[in-house]
2 protein chains.
Amino acid sequence: MGKVTLQSIADRLGVSRMTVSNAFSRPDQLSADLRRKILDEAAALGYLGPDPSARSLATGTAGTVGLLWTKLLSTALADEMSARFIGAVADELNQAGLALTLLPATTEAAVVPARDVALDGAIIYSCDPQLPAVDLLARRGLPLVYVDADAPAKRPAITIDDYGGAKAAAEHLLALGHRRILVVTTGFGPEPGLVTGPPPAAALRQRVLAQRWAGWMDALQAAGITPQVANQPDPYAPHGLDALLAQADRPSAALCLTDVLAQALIAAASDRGMTVPGDLAVVGFDDHPLAERTRPALTTVRQDVDLKGRAAVRALLAELARRADPSAEAPLSQRLRVSLVVRESTAG
Amino acid sequence: MGKVTLQSIADRLGVSRMTVSNAFSRPDQLSADLRRKILDEAAALGYLGPDPSARSLATGTAGTVGLLWTKLLSTALADEMSARFIGAVADELNQAGLALTLLPATTEAAVVPARDVALDGAIIYSCDPQLPAVDLLARRGLPLVYVDADAPAKRPAITIDDYGGAKAAAEHLLALGHRRILVVTTGFGPEPGLVTGPPPAAALRQRVLAQRWAGWMDALQAAGITPQVANQPDPYAPHGLDALLAQADRPSAALCLTDVLAQALIAAASDRGMTVPGDLAVVGFDDHPLAERTRPALTTVRQDVDLKGRAAVRALLAELARRADPSAEAPLSQRLRVSLVVRESTAG
DNA sequence: GCTACAGACTTTATCGGTAAAGGAGCTGTC
DNA sequence: GACAGCTCCTTTACCGATAAAGTCTGTAGC
C-alpha cells in the first residue's frame, strides 16, 4: 500500500485535495457533513493529519522554538537553576502551542541542528554572541531573543540587574565592616588560583560576568578597597579553593560569582575548620535553590528565573506576531530586578 | 529583493539548481572549483544553506527527536532526577547530530505539537501509553522508545528493575525487624490519606507504580504482613503526612514510592519530634540527589538515570538505522539494574 | 580507432502540503 | 428578475529542496 496523503483521501472521495486539507485545517471552509465523511475516511485509512514537514514548508511555520545553550545540555539540566529556566520557557511556549527544541552549541559537529532543524525562532541563553551557532541562527533570519547576554541592535534581550545586584552584595559586606575581600569568579583562563587585573576580553563578552564584576569593583573601589581575585575555570566544578583559605593574609569575606561557587567555598572553609560567617563571610549570586539548603544558609542576590524564562518567551512571541503583522509592536528588552537576600552566611 | 533560494543562486551562476544543492550537501558531486564559486556566491547573497523545512520534506528527516512527558514540563525540569534524564538524552542525541524537542502532553490544546512538529522519532517518558499524545505519535508512524513504561508489541522499552528494587527495599525493612509498615504512594485518586486494597486500574497502567507496588507486596506478603497504605495525589507536593504519624497504631517503618515522598515524610516526622530511624525508618526509591542531602540521609534504591537516558537514545538510533536498512538489528528492550543503598534513615 | 569508464553536471520526478482567487448554485430582496 | 451575498468546493500557483537516472566529455587501455 502506498502512503496515505491528502491526495489519496481526496481521490477515494472524489473531492479535491484542497477540500481534504481544509477538513483538517479550516473546518469552516466546508460543510460539516462532508468534513465528517472526510475525517472518517482518513481515520479508516490510518491517516492522522497533514505531514508536519510538508505543512511546515507550505506555511512557513515549524511549531517549535529553539533554545541555544553554550555548554553541554546535560550540564544545563543538571543545574537546578538553569533547568528551571528551561522549564519556564517550555511551559510558556506550550501555552502558545509551541514546542521547545534544545539546541547544542558545543562542538563543531553539534552545531548541525542549529542549521538543519526547522524552527520558528530561538532563544539564545547565556551565550557568547560570537559563537558560530548563534551566527547560524541569526543568518537564518529567525526571530531571536537573547537572555543574559547583550543583544545586537534591534534584538530584544532579557537580562537581570547583574550590576546592581553585585554592587549590593559588595556593599553589604562593606557595611558589615569587611575590608579583606576575596572575589571568586570564572573567566581568567583554565588555571584555578589567584589572579590580578581585570578579566580578559573574552570573559567580558559574557554579560553576566562583566556586569557582576563591574558591580563589585565599583562598590569596592568607592570604599578604597582592592579585592583579591580567585579564578575558577569551571563554575560547576570548583577546585583549589582550599589553597585560598590557607594563605596568611586571609580574606574575611568573599563575593562569589554564583551560589554554586559560594557553596563550594563554604564547604572548603568548613573542611579547614573555619566557621562561616565567623571566620569567613560569604555572598553568592542567583538565589539558587542550593542557597537556602546550604548550611549556613547563603546570603545571595535573588533573581527570578521563572520570570526570566517567561519574559523571554513573551518577547519572542511578540516578535513572531510582528512578523505576521508589521504594525504590531516590537518586543522590548527587559532588565529584571534582583534583590539581596541576607541569610546566615553573612549574619552579623 | 526576493528570497534567496538554491534556484536564485543557480540562475546567477548559470548552473542547475541541483548542482548548487550538491555544493552544500554532497561536495563529492562537483568540482572543488565550482563548489567554491557557488559557496562564495551564496555567501555574498546571504544564503546560509538549504531551508530546513524544504530539506526535511525532501529527505524525510527532521533532525530532531521528540521527548514526551505527561506532566507540565516545568515540573519535569524542576525535579533534578528527571532533568538529569533529559540532559542525558539531549547529550546522547547531540552526539548523533540530533536535537531534542520537548513535547508537552498535558492539556488537550498542548497536544498540538505532538501532531505538528516534524520529528524523526520520539521517546515516551513515563507516560500512560493510552494518552492521546502517545497515540498521535504512534500513528504518525514514528519510531518510538518507551521509558519507564510498558511498550506495545515490537516497540523497545527501557525500564529499570522497579519490582526487584521495591522488593529489596521491603525485605530490608523486614530484615531490620519491622512489622508495622507504611507504604506511601500515589495512584489512589485525588484525596490524600489511608486507603485499602490494590491501586485502581488506571494507576496500575503506570509501570513504575505497578511494579514497585508488586515488589513491596510480594515481599511483605511472604512475611505475612499487610501494610498500611497512604495515598499522595501529587508526588511533588505531598501533604497530609502528619496525620499518618498521629495515629495510635503508628508504623515503625515506611516504604515510599519516591525519594521526594520519603523526604517529605522525614520532614513531617521531624516536625512531630519523632526521630528517624529511631521512631520511624524510611526507605525511598530512585537515589535522587536529594537522598544523600536529606538528614538523616535516605536509604533508597538507586537507579542510573544517565544510563537510562543514553540507553533510550541508543535504542531509538538503532530503530532509525533499521528503517534506513531493514537488515539492521532491531533495538532490544532493556531492563536496567538497581541497587539498594543503605543510609542513615534505616540505620540499625 | 574503438570500448570502457570515471568525472561533472543536468534532467526528470517527487516530497505533501497551503493560500488565495475563482466559480457554481441558492437565497433573499426590492 | 437582476443583483448581491452566501456557502461550499475547485483551480491555480507555489513552498524549497533532494534522489536517482541521464548526458556529455575526456582519457586510458589495448
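Every chain is numbered from 1 and lettered A, B, ... according to where its sequence line falls, protein lines coming before strand lines. Computed from a predicted model, the values in this text were never measured in an experiment.
- For the side chain to side chain donor-acceptor pair (under 3.5 Å) condition, the pairs that include at least one residue of residues 52-63 of chain B, sequence neighbours left out, are A/Ser53-B/Ser56, A/Ser56-B/Ser53, B/Ser25-B/Arg55, B/Thr59-B/Thr61.
- The phosphate of D/dT7 (OP1 or OP2) has no side-chain N or O of A/Ser31 nearer than 4.0 angstrom.
- Counting to the nearest Å, the P atom of D/dC6 and the CG atom of A/Asp28 are 15 Å from each other.
- Distance alone, capped at 3.5 Å, is enough to place a donor-acceptor pair between the A/Asp120 side chain and the A/Ala62 backbone.
- Annotation: ring pair (Phe, Tyr, Trp, His ring centres under 6.0 Å) contacts involving residues 14-64 of chain A, sequence neighbours excluded, comprise A/Phe24-A/Tyr47.
- No option in B/Ile123, B/Leu102, B/Val305 other than B/Leu102 meets the side chain to side chain contact (heavy atoms under 4.5 Å, CB included) test with B/Ile86.
- Computed from coordinates, the A/Arg35 CZ to D/dT7 P distance equals 17 Å when rounded to whole Å.
- At a non-hydrogen distance threshold of 4.0 Å, nothing from residues 134-142 of chain B comes into contact with DNA chain D.
- With sequence neighbours excluded, the residues forming a side-chain contact (heavy atoms from CB on, under 4.5 Å) with B/Gln7 are B/Thr5, B/Ala10, B/Asp11, B/Arg17, listed by chain and number.
- Here the nucleotide nearest the side chain of A/Leu30, chosen from C/dG16, D/dC9, D/dG16, is D/dC9.
- Listed by residue number, the members of residues 46-64 of chain B with any heavy atom below 4.0 angstrom from DNA chain C are B/Leu57, B/Ala58.
- For the side-chain contact (heavy atoms from CB on, under 4.5 Å) test, residues two or more places apart in sequence or in another chain that qualify with A/Ala318 are A/Pro331.
- A/Thr19 comes within 4.0 angstrom of a base, heavy atoms only.
- In summary, the side chains of B/Thr64 and B/Thr101 do present a donor paired with an acceptor at a separation below 3.5 Å, with no hydrogens or angles considered.
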Can you pull every protein N or O that's under 3.5 Å from an N or O on nucleotides 21-23 of chain C?
none

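- Qualifying salt bridge (Lys or Arg N to Asp or Glu O under 4.0 Å) partners for B/Arg323, counting only residues two or more places apart in sequence or in other chains: B/Glu319.
- Between the CD atom of B/Gln7 and the P atom of C/dT10 there is a distance of 11 Å, given to the nearest Å.
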Expected list for residues 134-156 of chain B: side-chain donor-acceptor pairs under 3.5 angstrom, two or more places apart:
| residue | atom | partner | partner atom | Å |
| --- | --- | --- | --- | --- |
| B/Arg140 | NH1 | B/Ala114 | O | 2.7 |
| B/Arg140 | NH1 | B/Val117 | O | 3.0 |
| B/Arg140 | NH2 | B/Val117 | O | 2.7 |
| B/Asp148 | OD2 | B/Lys308 | NZ | 2.6 |
| B/Arg155 | NH1 | B/Leu142 | O | 3.0 |

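- Scored by the salt bridge (Lys or Arg N to Asp or Glu O under 4.0 Å) test, A/Asp306 finds A/Arg310 as partners (sequence neighbours excluded).
- Separating the CG atom of B/Leu13 from the C1' atom of C/dA8 is a distance of 15 Å, rounded to the nearest angstrom.
- Computed from coordinates, the B/Arg17 CZ to C/dC9 P distance equals 18 Å when rounded to whole Å.
- Here C/dG7 presents its P atom at 15 Å from CZ of B/Arg26, a figure rounded to the nearest Å.
- The separation between B/Asn22 atom CG and D/dA17 atom C1' is 12 Å, rounded to whole Å.
- Nearest nucleotide to the B/Met18 side chain, out of C/dG16, D/dT10, D/dA19: D/dA19.
- Residue pairs meeting the salt bridge (charged side-chain N to carboxylate O under 4.0 Å, His left out) criterion with at least one partner in residues 32-54 of chain B, sequence neighbours excluded, are B/Arg12-B/Glu41, B/Arg36-B/Asp40.
- Annotation: salt bridge (Lys or Arg N to Asp or Glu O under 4.0 Å) contacts of B/Arg84 (sequence neighbours excluded): B/Glu80.
- Base engagement by B/Ser16 is indicated by at least one non-hydrogen atom pair under 4.0 Å involving a base atom.
- C/dT10 atom P lies 8 Å from atom CG of B/Leu34, rounded to whole Å.
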